[in-house]
K.L.:
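One structure, pasted below without further comment.
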Amino acid sequence: MIASLFGESAITNELLIDSFLAYLSKDERELVKLSLNKGLDKEHEEEWLELLDRFGCKTIPNAEQVGDIVLEIAHKELVQTPRYIIDSWSTPLLVLQQEFQSPDLLQQLFERGKPTTKKVIALLDANAETNAQRETMSYLKQYVRGLESEKLTKFLRFCTGSNMMCVEKITISFNTLEGAVRRPVAHTCGAVLDLPTTYPSFPLFREEWNSVLSSEYWDIDFL
């Protein structure tokens, strides 16, 4: 969006690297970070070369060249390849220039939208009337507090349909599903999370939620 609104020159090297790292998978991201910090060992060399080859880089950079190579790859993937889309959005997005008069203001908006455990917990809104409901809410907050960045983003996307903070609250409703049918159900259009109150312990709650977030198939109601 920054390129569409303010042109390619507005994209700093730092922003390009950060965006590229977010674009990569977790393992790829760690590999690139190791390379940038000159911490790549023999164990990861083959993976690093495979990654470079996948992005069409045929040179084997030394430690001093890694930063420039990563910048070139990032520019190709995030600016050159989607050039048609960037140019197509330039005109429709011009109206936003009145609101975001500099790349910094737009970047601040993105930063405010990034989820943190504190922000996500603040979204959780429940009318817990019974001991079981209150205990379940305690489990949910404890679970969210322990989430790393990637899983926290998945949790937010499961509940709201978005990776970013785009709702004022996530309304919690409760059910008494048990056994094989017990599962949380998200209603993403209204940001409602239907949560069972039949978990006998937090470790089981955490295990079942981990299974939900790692699954390729989520129980989500879009209506």
Side-chain angles (χ1 to χ4, degrees), residues 15 17-34 36-37 39 44 107-223:
L15 177 59
I17 291 292
D18 287 346
S19 301
F20 183 59
L21 290 174
Y23 168 78
L24 298 172
S25 68
K26 181 179 179 180
D27 289 344
E28 292 170 339
R29 184 160 55 246
E30 293 306 315
L31 193 60
V32 171
K33 284 182 178 179
L34 281 174
L36 289 170
N37 295 326
H44 296 95
Q107 188 63 24
Q108 288 171 19
L109 175 66
F110 285 127
E111 291 299 324
R112 289 196 299 271
K114 286 183 179 179
T116 65
T117 53
K118 186 176 180 179
K119 288 179 183 178
V120 173
I121 288 174
L123 291 179
L124 303 177
D125 181 59
N127 183 20
E129 298 178 340
T130 67
N131 288 337
Q133 291 174 355
R134 286 190 285 270
E135 186 171 52
T136 300
M137 278 304 299
S138 176
Y139 288 164
L140 181 61
K141 291 178 181 179
Q142 185 179 350
Y143 180 72
V144 172
R145 286 190 189 97
L147 293 178
E148 296 178 354
S149 177
E150 187 172 353
K151 271 194 174 179
L152 183 66
T153 300
K154 284 186 177 181
F155 176 84
L156 185 64
R157 187 165 73 244
F158 177 82
C159 295
T160 69
S162 173
N163 291 348
M164 304 293 283
M165 305 283 292
C166 62
V167 297
E168 293 184 359
K169 64 180 180 178
I170 298 172
T171 302
I172 310 297
S173 61
F174 300 100
N175 65 62
T176 55
L177 296 175
E178 295 186 86
V181 297
R182 180 172 61 204
R183 72 217 182 274
V185 178
H187 307 267
T188 54
C189 284
V192 174
L193 177 63
D194 196 17
L195 195 61
T197 60
T198 53
Y199 298 98
S201 66
F202 175 70
L204 187 57
F205 180 96
R206 179 177 56 201
E207 179 183 340
E208 293 190 11
W209 261 99
N210 284 342
S211 178
V212 167
L213 295 185
S214 62
S215 173
E216 295 181 3
Y217 304 98
W218 286 352
D219 200 346
I220 294 176
D221 182 0
F222 290 95
L223 299 178

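Sequence positions, counted from 1, serve as the residue numbers for this chain.
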K.L.:
So, do Thr130 and Glu135 sit near enough that their side-chain heavy atoms are less than 4.5 Å apart?
P.N.:
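Heavy-atom side-chain distance check fails, nothing below 4.5 Å.
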K.L.:
Under 4.5 Å between any side-chain heavy atoms of Arg183 and Val181, yes or no?
P.N.:
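With C-beta onward as the side chain, the pair touches.
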K.L.:
Run the numbers on Thr198 and Leu177 for side chain to side chain contact (heavy atoms under 4.5 Å, CB included), then give the verdict.
P.N.:
CA-CA 7 Å; Thr198 53; Leu177 296 175; 5.5 Å; no
K.L.:
Would the distance check show the side chain of Lys119 and the main-chain N or O of Lys114 forming a donor-acceptor pair, the cut-off being under 3.5 Å?
P.N.:
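Yes; judged by distance alone, with no hydrogens or angles, the pair exists.
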K.L.:
Atom CG in Leu24, atom CD in Glu30: separation rounded to 0.5 Å?
P.N.:
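Rounded to the nearest 0.5 Å, the CG-CD separation comes to 10.5 Å.
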K.L.:
Please determine whether side chain to side chain contact (heavy atoms under 4.5 Å, CB included) holds for the pair Leu36 and Ile17, giving the CA-CA distance in whole Å, both sets of side-chain angles, and the decisive distance to 0.1 Å.
P.N.:
CA-CA 10 Å; Leu36 289 170; Ile17 291 292; 4.3 Å; yes
K.L.:
With a 4.5 Å cut-off on side-chain heavy atoms, are Phe158 and Phe155 touching?
P.N.:
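The answer is no; the side chains never approach within 4.5 Å.
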K.L.:
Quick check: closest heavy atoms across Gly161 and Thr188, and the distance to 0.1 Å?
P.N.:
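Scanning both residues completely, I find the closest heavy atoms to be N-CG2, 3.8 Å.
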K.L.:
Kindly determine whether Val32 and Arg29 satisfy side chain to side chain contact (heavy atoms under 4.5 Å, CB included), including the steps that lead there.
P.N.:
CA-CA 5 Å; Val32 171; Arg29 184 160 55 246; over 6 Å; no
K.L.:
Counting C-beta onward and ignoring hydrogens, is there a side-chain heavy-atom pair between Asn210 and Lys151 closer than 4.5 Å?
P.N.:
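Counting from C-beta outward, Asn210 and Lys151 do come under 4.5 Å.
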K.L.:
Sequence neighbours left out, what passes side chain to side chain donor-acceptor pair (under 3.5 Å) with Asn175? Give chain and number order.
P.N.:
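Side chain to side chain donor-acceptor pair (under 3.5 Å) check on Asn175 returns Asp194.
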K.L.:
Just wondering, do Thr136 and Pro196 contact through their side chains at under 4.5 Å, heavy atoms?
P.N.:
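No, every pair of side-chain atoms sits at 4.5 Å or beyond.
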K.L.:
With distance as the sole test, does Thr153 use its side chain to make a donor-acceptor pair with the main-chain N or O of Ser149 at under 3.5 Å?
P.N.:
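Answer holds: yes.
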K.L.:
Taking the side chain as every heavy atom from C-beta outward, state whether Phe174 and Met137 have any pair of such atoms under 4.5 Å apart.
P.N.:
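Side chain of Phe174 against side chain of Met137, heavy atoms only: contact under 4.5 Å found.
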K.L.:
Could you check if a side-chain atom of Glu178 sits within less than 4.5 angstrom of a side-chain atom of Thr176, using non-hydrogen atoms only?
P.N.:
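When only atoms from C-beta onward are counted, Thr176 and Glu178 do not touch, as no gap falls below 4.5 Å.
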K.L.:
Tell me the salt bridge (charged side-chain N to carboxylate O under 4.0 Å, His left out) pairs involving residues 161-173, sequence neighbours left out?
P.N.:
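The answer is Asp125-Lys169.
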K.L.:
Determine the sole option in Val167, Leu193, Val144 for which the side-chain contact (heavy atoms from CB on, under 4.5 Å) test with Leu123 is passed.
P.N.:
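It is Val167, the one option of Val167, Leu193, Val144 that forms the side-chain contact (heavy atoms from CB on, under 4.5 Å) with Leu123.
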K.L.:
Checking the side chain of Gln133 only, and the main-chain atoms of Glu129 only, is there a donor and an acceptor separated by less than 3.5 Å?
P.N.:
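Confirmed, Gln133 side chain pairs with Glu129 backbone.
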K.L.:
When the ring planes of Trp209 and Tyr143 are compared, do they come out parallel, tilted or perpendicular, using 30° and 60° as the limits?
P.N.:
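Trp209 and Tyr143: tilted rings.
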